[in-house]
*Asks:* 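Starting off with a structure, shown below.
Computed from heavy atoms alone, side chains included, the values below leave out hydrogens, waters and symmetry copies. Residue indices begin at 1 and follow the sequence shown.
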Amino acid sequence: MNIGLKPTFHDGLPKPSLEAHLFDFEGSIYEETMDVELLTYIRPERKFSSVQELIAQIAADAQQAKILLAEKNIQD
């Protein structure tokens with residue numbers, strides 16, 4: 001999940017947005033309500049010099065999140 005101002009795309013966005021990435025999900029849930037549980041903090045928000053750099057970081061973040069989720073499932 002990203003909570004932030006999207007500095008790579010927006011300068012001066014008036015309020016933070018919240019975007020959750022659902023792994024291995026296909027479907028349409030627009031306009032639906034869901035509960036999201038925040039488990040840990042991965043990294044601070046920053047402005048990237050290119051969209052490609054942002055995409056690479058998102059991929060790395062997703063991989064780290066999957067590892068953290070797998071570890072949590074083992075402990076539960």
*Asks:* Find the distance between NZ (Lys47) and CG (Leu54) and round it off to the nearest 0.5 Å.
*Replies:*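 Between atom NZ of Lys47 and atom CG of Leu54 there are 12.0 Å.
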*Asks:* Applying the side chain to side chain contact (heavy atoms under 4.5 Å, CB included) criterion to Met1, which one of Ile42, Leu22, Leu18 satisfies it?
*Replies:* Leu18
*Asks:* Walk me through it: do Ile3 and Glu45 pass the test side-chain contact (heavy atoms from CB on, under 4.5 Å)?
*Replies:* CA-CA 8 Å; Ile3 302 171; Glu45 183 172 55; over 6 Å; no
*Asks:* To the nearest 0.5 angstrom, please state how far the OG1 atom of Thr40 sits from the CD atom of Glu71.
*Replies:* 10.0 Å
*Asks:* Measuring from atom NZ of Lys72 to atom CG of Leu68, what distance do you get when rounded to the nearest 0.5 angstrom?
*Replies:* 11.0 Å
*Asks:* Identify all side-chain donor-acceptor contacts of residues 55-64 below 3.5 Å with residues at least two apart in sequence or on another chain.
*Replies:*
{"residue": "Gln57", "atom": "NE2", "partner": "Asp61", "partner atom": "OD1", "Å": "2.7"}
{"residue": "Asp61", "atom": "OD1", "partner": "Arg43", "partner atom": "NE", "Å": "3.2"}
{"residue": "Asp61", "atom": "OD2", "partner": "Arg43", "partner atom": "NE", "Å": "2.6"}
{"residue": "Asp61", "atom": "OD2", "partner": "Arg43", "partner atom": "NH2", "Å": "2.9"}

*Asks:* Search all heavy atoms of Met34 against all heavy atoms of Ile29 and return the closest pair with its distance.
*Replies:* CE-CD1, 3.1 Å
*Asks:* Provide the closest heavy-atom pair for Thr8 versus Phe48 in the form atom of the first, atom of the second, distance.
*Replies:* OG1-N, 2.9 Å
*Asks:* Same cluster for Phe23 and Phe25 if Ile/Leu/Val/Met/Phe/Trp/Tyr side chains link at under 4.5 Å?
*Replies:* no
